[in-house]
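Every number for a ligand or one of its atoms is a count from 1 in the order of the listing.
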Amino acid sequence: MSSSTSKKANVLLFGGGAVGAIAAMNIESGGLGQVTAVLRSNYQVVKNQGYTIESVDHGSLKGWRPTRVVNSVPDVAKESLRPFDYIITTTKNCPDIPPTVAELIAPAATPGHTVIVMIQNGLNIEKAIFEKLPSNIVLSGVSMIDSYEGKPGHIVQESRDRVYLGAFRNPNIPSHETEIKAAHDFIRIYEASGKPDVTFSDNAPWSRWRKLVYNAVLNPLAAISGLDTSRLRLSGSVIEQLARPAMKEVVATAAALGHTLPEDIIDAMVDLDPIELYLKPSMLNDSEKGNFMEVEYLVGEPVREAARVGVPTPHLKAIYEMAKLLQWRTKETKGLVTVPPKRGE
Ligand SMILES: *[C@@H]1O[C@H](CO)[C@@H](O)[C@H](O)[C@H]1NC(C)=O
C-alpha cells in the first residue's frame, strides 16, 4: 500500500451489528480508512438516523454514520468502483443457511487485492472463502468485545474492544510472510484511534480453539436449555456431567491437531461469565429471537475435526445433535424445510 499512504484504505464492512459498528467506528476515527457498511436489518434506521452508540471506548454518540451506508453488496467490477482494500465480515456465519458469506461478499472482492478480514467465530470459516476467492489473503479476527444491539441501530459496548488478529494460511498464497504483513497493515489501520486493543496472534487456529472450549459447549447448551450460563452452573449437575466432559473433548481435539491449550482452560471457561451477570451467550440470544445459530462453525466443525483425527467426542456429538434440532426447528418456522402433510390433511 506504499503508493496509497496518502489515500485512506477503502474498507467494506459486511455486517454492521454490535461487532461491526464498533469496528467501523475504530477505523473511521483512526483516520486511516473509510468505511462502506453493508447493512441489512438495521439499514433503514442507520440510513435515516445514524447509529446510537454507548461505548466504553468511544463514549456516547447519537446519529453516527460511517462514510457510506448501503443495503446490498456492491459489485465492484460491474459498477467500475474503486477496489476495496479490505472486506471485514462481522455477520453471523451459518454455512447451512444459503447464501453463504463467501457467496455474498464475492462481488465486492477484487482478486489478488482485497484482504478479507473475518471477525467471526468458529472453526474452518476461512475454507469457504479460499474456495470462492482463491487468490485473496484472509485474516482471522477473534473478538473478545462485549457488545450488543438492543434495538436496531442502538449499540451498547460494555467492555473494551479486544481483538486477536492473525492470518489464515491460504495455500494459494506463496508465502505466509505476505499474509502476516497484511495482518500488521490492517492492525495499524484498525487501532489508529488508540481505542481498541489489538493483539497480533501468530497462531490464528490456537485463539479459535481456545474460544471454542466455551463456544462449542456452553453456548449451545444455553440455547438448548433456554438458560443463561449462570443458571446452567446453578442448576445442578450439567456442568460436571456434560459440559466438562464435552470441553475435555474439545481440548483433546485441539491437542491432537497440535494446539495445546493451557491446563486451566476448562475451569477458566466454565467460570468465564461472572455468575451475577446471568449472561446469555449468542446462540441463546439467537434462538430466543427466532434467528439461526452458528451451529456448524461453533459445534459441527470441531466434531468433524475430531472424527478426522480420531478423537472420540460422545458428549460433544450429543450437544451438536440437539443444537441441530433447534436449528432445524428455526428452518421449518422460516420455511427452509417442509415436511410431508399429516395424514388426513
Ligand atoms: C445477549 O443479549 C443480552 C441483552 O439482551 C446482552 O446483554 C448479551 O451481551 C447478549 N449476548 C451476547 C453474547 O452478545
Where the side chain of K331 meets the backbone of I97, is there a donor-acceptor pair that is under 3.5 Å apart? no

In Å, rounded to the nearest 0.5 Å, how long is the span from CZ of R160 to CG of D197? 4.5 Å

Look at the side chain of D264 and the backbone N and O of D267, then say whether any donor-acceptor pair between them is shorter than 3.5 Å. no

Would you mind listing every side-chain hydrogen bond (donor to acceptor under 3.5 Å, both in side chains) that reaches into residues 26-40, with sequence neighbours excluded? N26-H58, N26-D161, N26-Y190, E28-T67, T36-R68

Atom of P134, atom of N170 and distance for their closest heavy-atom approach: O-ND2, 3.0 Å

Does this structure show an ion pair linking D85 with K8, if we count only N-O contacts that are shorter than 4.0 Å? no

Note down each nitrogen or oxygen pair, ligand 1 side and protein side, whose separation is under 3.5 Å; give only atom names and the distance to 0.1 Å.
| unit_1 | atom_1 | unit_2 | atom_2 | d |
| --- | --- | --- | --- | --- |
| ligand 1 | 2 (O) | N285 | OD1 | 3.2 |
| ligand 1 | 2 (O) | N285 | ND2 | 2.4 |
| ligand 1 | 11 (N) | K280 | O | 2.8 |
| ligand 1 | 11 (N) | N285 | ND2 | 2.9 |

